[in-house]
Amino acid sequence: QKEVEQNSGPLSVPEGAIASLNCTYSDQGSQSFFWYRQYSGKSPELIMFIYSNGDKEDGRFTAQLNKASQYVSLLIRDSQPSDSATYLCAVNAGDYKLSFGAGTTVTVRA
Amino acid sequence: DAGITQSPRYKITETGRQVTLMCHQTWSHSYMFWYRQDLGHGLRLIYYSAAADITDKGEVPDGYVVSRSKTENFPLTLESATRSQTSVYFCASSDPDNPPDNEQFFGPGTRLTVL
């Protein structure tokens, strides 16, 4: 069973601050990593993906990957109230399947 | 409308009844997936399909049946619903030929309550 663990929430941050989300995975062979955002009552949507060690930036979002430590993180800079959502970490699990973490709920305080 | 749709969006049924959840996508994606989402468990894969007439079990397949006679449709059937199958069900699809090849696109979900 491939496991994906996310830091327990909820995470509350003030508007304008950095939100830091962490995810660890058990399968050393995993090659691709995804962050999905899910608003309450809605379906997940992809916001970031990363394949290589290091950082990948897209607007206010930065994904960080360390395969040696089996660790992937998501930073949200200049957090906005619209960033309040649950963030799901997902890791490829073979045959185009994904294993998802339980999610971390982020609340941005105005 | 283009995209991935699910029906019904809400369903209340009784224990022991058969229920079918529908999923339809217009992208001709080869892969389709069914998940259930429960508090504290995230998304758990029930079944998936790599193409028409090819299906395989996921993490939690017991009590569910799938079929895929056409690329665009992937129905999920609960043969005899139980209270433990009360959940939100998401269908997803992906296209391995377009990067990122593991990206999955999700339908709006079906909220199922089994009384």
Side-chain angles (χ1 to χ4, degrees), chain A residues 1-10 21-27 29-52 56 58 61 63 65 72 74 85-106, chain B residues 3-7 9-10 21 23-25 27 29-51 54-61 66 74 87-111:
Chain A
Q1 177 67 32
K2 298 178 174 60
E3 293 189 355
V4 179
E5 301 286 341
Q6 294 186 238
N7 52 324
S8 59
L21 306 171
N22 302 319
C23 175
T24 59
Y25 58 95
S26 63
D27 184 5
S30 295
Q31 295 295 318
S32 51
F33 308 86
F34 302 82
W35 283 99
Y36 281 81
R37 177 177 62 199
Q38 186 176 24
Y39 292 114
S40 180
K42 301 296 184 181
S43 55
E45 58 177 338
L46 182 68
I47 56 171
M48 288 287 287
F49 64 92
I50 186 167
Y51 295 155
S52 303
K56 179 182 179 183
D58 184 0
F61 297 98
L65 175 62
V72 58
L74 179 71
T86 296
Y87 292 81
L88 303 170
C89 174
V91 176
N92 78 294
D95 197 18
Y96 300 102
K97 295 182 293 184
L98 294 177
S99 288
F100 285 85
T104 300
T105 298
V106 174
Chain B
I4 184 166
T5 57
Q6 294 183 234
S7 62
R9 294 293 313 280
Y10 303 90
L21 309 183
C23 179
H24 175 79
Q25 53 109 352
W27 294 309
H29 286 175
S30 56
Y31 275 76
M32 296 187 75
F33 307 84
W34 272 108
Y35 295 90
R36 60 178 291 172
Q37 187 172 39
D38 306 288
L39 196 63
H41 288 281
L43 289 162
R44 291 184 291 175
L45 183 65
I46 304 170
Y47 269 94
Y48 70 105
S49 169
I54 301 175
T55 62
D56 209 345
K57 296 178 180 179
E59 182 185 351
V60 288
V66 293
F74 191 37
S87 186
V88 179
Y89 291 84
F90 286 102
C91 179
S93 69
S94 70
D95 180 6
D97 294 330
N98 283 314
D101 53 12
N102 280 279
E103 178 179 7
Q104 294 183 12
F105 299 86
F106 285 82
T110 295
R111 184 174 295 275

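Source: prediction; values computed, not measured. Letters go in sequence order (proteins before strands), and every chain restarts at 1.
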J.: To the closest 0.5 Å, what do you measure between OG (A:Ser43) and CD (B:Gln104)?
T.: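 So the OG of A:Ser43 and the CD of B:Gln104 are separated by 12.5 Å.
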J.: Among B:Phe105, B:Tyr48, B:Phe90, single out the residue with the greatest number of heavy-atom pairs under 4.5 Å to chain A.
T.: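 If we count pairs closer than 4.5 Å to chain A, B:Tyr48 comes out on top.
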J.: So, taking the atom named OH in A:Tyr96 and the one named NE2 in B:His29, what distance separates them when rounded to the nearest 0.5 Å?
T.: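 Between A:Tyr96 OH and B:His29 NE2, I get 13.0 Å after rounding to 0.5 Å.
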J.: With a 4.5 angstrom heavy-atom cut-off, is it the side chain or the backbone of B:Leu43 that approaches chain A, or both, or neither?
T.: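 It is both, since atoms from each part get that close.
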J.: Counting neighbours of CZ on B:Arg111 that are heavy atoms of other residues, nucleotides or ligands and sit closer than 6.0 Å, is the number greater than 12?
T.: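 Atom CZ in B:Arg111 is not packed in, count stays at 12 or less.
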J.: Do you know which of B:Ala92, B:Pro96, B:Gly109, B:Ser94 has the most heavy-atom pairs with chain A at a distance under 4.5 angstrom?
T.: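 Most pairs with chain A among the choices: B:Pro96.
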J.: Between A:Gln6 and chain B, with a heavy-atom cut-off of 4.5 Å, which part of the residue counts as in contact: side chain, backbone, both or neither?
T.: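 Neither part; nothing is under 4.5 Å.
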J.: Please find the pair of heavy atoms, one from A:Lys97 and one from B:Phe33, that lie closest to each other, and give the distance.
T.: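 Closest pair (atom of A:Lys97, atom of B:Phe33, distance): CA-CE2, 4.1 Å.
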J.: Are the side chains of A:Phe49 and B:Glu103 in contact, using a 4.5 Å heavy-atom criterion?
T.: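 Result no, sub-4.5 Å side-chain heavy-atom pair not found.
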J.: Would you mind checking which part of B:Pro108 comes under 4.5 Å of any heavy atom in chain A, side chain (CB onward), backbone (N, CA, C, O), both or neither?
T.: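 For B:Pro108, backbone heavy atoms alone lie under 4.5 Å from chain A.
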J.: Find the distance between CG (A:Leu98) and OH (B:Tyr35) and round it off to the nearest 0.5 Å.
T.: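 Rounded to the nearest 0.5 Å, the CG-OH separation comes out at 5.0 Å.
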